[in-house]
Amino acid sequence: MKQFKFYVLAMVAAVLFSACGTTRTVPLTGRKQNLMISDQEVLSLSSQEYTKYMQSAKKSTNATNTAMVQRVGQKLANAVQTFLTNNGYANEIQNYAWEFNLVQDQNVNAFCMPGGKIVVYEGLLPITQNEASLAVVLGHEIAHAVASHSAEQMSKQIKQQYGLQIGSAVAGALGMGTNTMSIAQVVAQYGLQFRNLKYSRDHETEADRMGLIFAAMAGYDPNVAIPFWQRMASAGGSNTAEFLSDHPSDATRISNIQSKFLPEALKYYTPPVTTTTTTSTAKKTTAKKTTTAKKTTTAKKTTAKKTTTKKR
C-alpha cells in the first residue's frame, strides 16, 4: 500500500512540474524557459530591493563619469526596446523603467535589476577605460534582465521547494516526517537578493552573447570585448568583478566571444560614417574655386587697363 502511494505522489509531482508556471522564449537566443513567478512579483520585489540599496549608496560626485554611464545606459535601453518592439516582445517593454546610477564604490561591479535599474561602481571604470567597453558590461547586465534570468533562478528554487514538499508527503505516506519551508518563504528568501543572485554558467554565457549584440545594436564596436575581457583577466585576484560569479573561465569566455559571439554581433553593428575625407575634398575644391575666381578678376582688370590705354 505504501509503495502504491509513493507512485501516485510521484505522478502528481510530474504533473505539477509540467503544468505549473508559464513557458517563455528568451529574446535573441530562442531558448525556452519555464517560469513559476510572474513579472509583477519579480518587479515588485526588485523595486523594493533597489529602493533600499539606493538609500544607503552614495552617488558619484564625478559629473563626467556619471553622464557617461547615463549616456551609455540610455543608448542600450533604446536599442533593446527597439529590438523588443520589432520582434514580438512589445508587451514586455512595460516591465522596464530605466534608471542609471554611478555610485562611490571601488569594487569592480555593475548590476541591472529586473525592470532596468542599472548601477555601476566607480571601481569598474579604470578597467572599462572607454564607453564601448562599458557598453559590453552593461549589455551583459541588461541581458540578464531581458532574459528573465532572475525569475528563472527563483523558479528553480520554487521547484526544489515543491520537490521537498512532495518528498515530505511521500515520507509521511511511508511513516516518516520532515520540516520544509513554504513556497512563499522561498520567494521571500531569494526575491530580495537580486544584486547578489548567482546565475548558472549557462545564464552567464547567454548574457555574454546577448549583451554583445545589444552593445552592437546601440552603436558600440563589439570588437572591444576581447581587449576588455583580457584586462579583466589580468586584473584577477582581489579585483575580480563581483558580477562574474559562476562565469565561464576567462579563456573560455574569450574563446566563445572570438569564435561565436563576435561574428554574430558584428552583423548588428553599423560603424559610424567618417566625413573627414569629404570635408577635406570640399575645402580643396572651395580653395580652387576661390583661386580661379581671383585669377579671373585679375585678368578682367588687366584687360580693362589695356583697353583704356589704347583709347587714349
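The model shown is predicted, which means the values in this text are computed figures rather than measured ones.
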For residues [X] and [Y], report the shortest heavy-atom separation together with the two atoms involved.
X: Met113; Y: Ser46; result: CB-OG, 3.3 Å
X: Ile226; Y: Ile254; result: CD1-O, 4.1 Å
X: Ile118; Y: Cys112; result: CG1-SG, 3.7 Å
X: Pro27; Y: Met210; result: O-CE, 3.5 Å
X: Leu76; Y: Gly139; result: CD1-N, 3.8 Å

Quiz prompt | With Thr51 via side-chain contact (heavy atoms from CB on, under 4.5 Å) - residues at least two apart | solution =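 Only Ser47, Gln55 meet the side-chain contact (heavy atoms from CB on, under 4.5 Å) criterion with Thr51.
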
Quiz item: Can you name the side-chain contact (heavy atoms from CB on, under 4.5 Å) partners of Asn223, sequence neighbours left out?
Solution: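 Asn223: side-chain contact (heavy atoms from CB on, under 4.5 Å) contacts with Asp221, Leu262, Leu266.
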
Polar side chain donor-acceptor pair, [X] to [Y], under 3.5 angstrom:
X: Glu41; Y: Ser38; answer: yes
X: Gln104; Y: Ser60; answer: no
X: Asn109; Y: Asn107; answer: no

Please list, chain by chain and in numerical order, all residues satisfying side chain to side chain donor-acceptor pair (under 3.5 Å) with [X], sequence neighbours excluded.
X: Ser155; value: none
X: Ser133; value: Asn130, Arg231
X: Ser255; value: none

Quiz item: What do you reckon, are the aromatic ring centroids of Tyr53 and Phe111 less than 6.0 Å apart?
Solution: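 So the answer is yes for these two rings.
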
Quiz prompt | Partner of Asn101 by side-chain contact (heavy atoms from CB on, under 4.5 Å), out of Gln70, Lys117, Met54 | solution =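 Single pass found, and it is Met54.
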
Quiz item: Taking only residues at least two apart or on different chains, which pairs with a member in residues 70-102 satisfy ring-ring contact (aromatic ring centres under 6.0 Å, His included)?
Solution: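 ring-ring contact (aromatic ring centres under 6.0 Å, His included) check on residues 70-102 returns Tyr96-Trp98.
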
Quiz prompt | Salt-bridge criterion met for Arg209 and Glu204 (N-O under 4.0 Å) | solution =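 A salt bridge is absent here (no side-chain N lies under 4.0 Å from a carboxylate O).
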
Quiz item: With the threshold set at 4.0 Å, does a side-chain nitrogen-carboxylate oxygen contact exist between Arg24 and Glu92?
Solution: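 Judged by the 4.0 Å cut-off on N to carboxylate O distance, Arg24 and Glu92 do form a salt bridge.
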
Quiz item: Picking from Gln81, Gln74, Lys75, what satisfies side-chain hydrogen bond (donor to acceptor under 3.5 Å, both in side chains) with Asn78?
Solution: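 For Asn78, the side-chain hydrogen bond (donor to acceptor under 3.5 Å, both in side chains) test succeeds with only one of Gln81, Gln74, Lys75, which is Gln74.
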
Practice problem: Kindly indicate, with the supporting measurements, whether the criterion side chain to side chain donor-acceptor pair (under 3.5 Å) is fulfilled by Gln33 and His149. | Solution: CA-CA 9 Å; Gln33 56 187 176; His149 286 162; 5.6 Å; no

